[in-house]
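Right, one structure below, let's go through it.
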Amino acid sequence: MNEIPYRRLGHTGLQVSRLCLGTATFGGQCDHATSELIMDRAEDLGITFIDTADKYPIGSGAEEAGVTETIVGRWLEKKRDGFVLATKVQGATGPRPWDVGLSRRHIISAAEASLRRLRTDYIDLYQLHRPDPVTPIDETLAAMDHLVQSGKVRYIGVSNFLAWQLARAIGRAEVRSLATIVSVQARYNLLFRENERELFPLCREEQVGVLTYNLLAGGLLSGKHVLSSGPAAGSRFSATGAAALYRERYWHADALSAVGEIQLVAEQEGLPLPVLAAAWVLDEPVVTSALVGVTRPDQLDVSVAACDVLLSPAVRHQLDQITARFRQGDAAQ
C-alpha cells in the first residue's frame, strides 16, 4: 500500500490528503471511544485532513449540536499542527431564531463556539454547510471575510451549493474584494452523478477544489444490503436519526439494481465492490479529496486501498453505462 497522495486545494497553496476523514457519525453511531480509535487509524494510514460540522452528529437536533466537534477537539488538541481541519456552519445550534443560518451574528458566534470545542485558535477551512435563503449572500461573505482577516479562519468554502449559487457567491466576493471561496463539498458517487453536469465544470473553470461526500452512497455500495430484506441492522439506513434521509436518497429498486451490476464489474476486476466504487470517485480529475465516513476503524482500509487502483478506460466505460441514468435530473442535494 502506497502513501496517500496529496492535492492542492483549489487555487490555494494548501495541500490536502486525497482522503478526508468525515466525522458525522462521531457521538451518534460511534461512541467517544470508537471515534478516537477511528481517528487513530486514520492517522496511522496517513489521512491528515479532517472534516466536521457544528451541528454533528448527523441526524441529531440542536441539543446535541457540537458533540462531534468536542470529540474531535479532544483528540486533536496535542497534534493540531499535523492536520488540516475543516468544519461547517449553518445548522441549528440552539433554540433561538438567530442560532441557525448564515447571518453575520450566527456565523461569528458559531465560529467562536467551534474554536472552543475544537480546542484550537484557527480553522483551516470554514464552510457554509448549505445555502441560507433568508440572509443576503453579501452579509454572509462579509462575515466570513471578517473571520479570515482576524486570523481565526485560513480559507473559506461551501457545501451543498448548486452551480448557480456557487457562481453568484464567487462573483459577489470578487466584486467586493472579500475572501473568496476555495472549495465546494458535494455529494458524489456512482449512484449520484448530477453534479457532473454543471457544478464540476464550474469548479474546473474557477479552480475551486471539490470535496466529495457519500463516497459509498451511505453504505449501499458496500454490497451488504438487499432490497427484499430491508436495510442491514446498524447501518445508516436503519440506525441513525438520518435514516429517513438516506433511504430517500438511495433506498430505491433502481439504485439497488445498479449495485448488482456494479458488483459484477468488481468481480471481473478482482476488486471488492467498495474499493471499486471509491476508486471511481477518486479517478474523477476534478475531485480534490473524498470524505470517508465510517463506524469502525477497519473500514478506512477500503478507501485507502482505492488510492492504489487505476481504472482502465474499458472499466470506466462499463461503469458509465450502468450509472449514466444517475447523472440526469435536478442536482438538489
Side-chain angles (χ1 to χ4, degrees), residues 7 18-20 22 24 159-160 162-163 184-201 203-204 210-227 231-232 235-237 242 245-295 299-333:
R7 275 196 180 175
R18 288 282 275 147
L19 296 177
C20 174
S159 176
N160 299 312
L162 297 176
V184 61
Q185 195 171 127
R187 181 156 63 107
Y188 187 55
N189 55 61
L190 278 164
L191 304 179
F192 186 85
R193 297 180 53 185
E194 283 92 333
N195 285 316
E196 294 174 2
R197 295 167 52 238
E198 296 182 352
L199 183 66
F200 287 2
C203 291
R204 278 191 290 269
V210 174
L211 313 177
T212 64
Y213 68 89
N214 273 192
L215 184 68
L216 300 181
L220 203 67
L221 286 164
S222 68
K224 66 183 178 182
H225 297 282
V226 179
L227 181 63
S235 70
R236 288 198 182 189
F237 296 95
L245 171 66
Y246 278 96
R247 290 193 190 195
E248 188 277 328
R249 283 180 179 174
Y250 303 116
W251 195 259
H252 308 291
D254 194 28
L256 282 155
S257 173
V259 171
E261 295 180 70
I262 297 166
Q263 175 71 66
L264 295 177
V265 178
E267 292 171 0
Q268 162 197 306
E269 294 300 303
L271 293 171
L273 171 59
V275 171
L276 177 68
W280 181 86
V281 171
L282 292 169
D283 197 49
E284 166 54 52
V286 78
V287 173
T288 304
S289 183
L291 271 70
V292 185
V294 300
T295 55
Q299 292 173 332
L300 289 171
D301 296 27
V302 169
S303 299
V304 172
C307 290
D308 295 333
V309 175
L310 296 176
L311 300 181
S312 69
V315 169
R316 284 204 63 88
H317 180 67
Q318 282 182 284
L319 295 174
D320 188 61
Q321 285 187 311
I322 294 168
T323 64
R325 60 189 181 274
F326 301 117
R327 190 175 185 270
Q328 307 303 315
D330 185 9
Q333 307 296 298

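Ion pairing between R193 and E196 holds under the 4.0 Å rule for side-chain N and carboxylate O. At a threshold of 4.0 Å, the pair E269-R316 does not count as salt-bridged, since none of the basic side-chain nitrogens sits closer than that to a carboxylate oxygen. Using a cutoff of 4.0 Å between basic side-chain nitrogens and carboxylate oxygens, D254 and R325 are scored as salt-bridged.
Residues Y188 and E194 form no side-chain contact, since every pair of their non-hydrogen atoms from C-beta on lies 4.5 Å or further apart. Using a 4.5 Å cut-off on side-chain heavy atoms (C-beta onward), V309 and L276 make no contact. Side chains of L273 and V259 form a contact here, defined as non-hydrogen atoms less than 4.5 Å apart. Put simply, the side chain of L282 reaches to within 4.5 Å of the side chain of L19, judged on heavy atoms.
With sequence neighbours excluded, the residues that form a side chain to side chain donor-acceptor pair (under 3.5 Å) with Q268 are Q318.
Between L190 atom CG and L216 atom CG the span is 9.5 Å, to the nearest 0.5 Å. L215 CG to W280 CH2: the interatomic distance, rounded to the nearest 0.5 Å, is 10.5 Å. Note: C20 SG to Q185 CD = 7.0 Å, rounded to the nearest 0.5 Å. Atom CG in L220 sits 14.5 Å away from atom CZ in F192 (nearest 0.5 Å). Expressed to the nearest 0.5 Å, how far SG of C203 lies from CD of E198 amounts to 11.5 Å. With rounding to the nearest 0.5 Å, the separation of CG in L311 from CG in D283 is 5.0 Å.
Checking side-chain atoms of Q299 against main-chain N and O of T295 turns up a donor-acceptor pair under 3.5 Å. In this structure a side-chain-to-backbone donor-acceptor pair under 3.5 Å is missing from S257 to A253. With hydrogens and angles disregarded, a donor-acceptor distance shorter than 3.5 Å links the side chain of R18 to the backbone of V287.
Residues N195 and R327 bring no donor and acceptor atom of their side chains to less than 3.5 Å of each other. Under 3.5 Å, the side chains of Y250 and N189 contain a donor-acceptor pair of N or O atoms.
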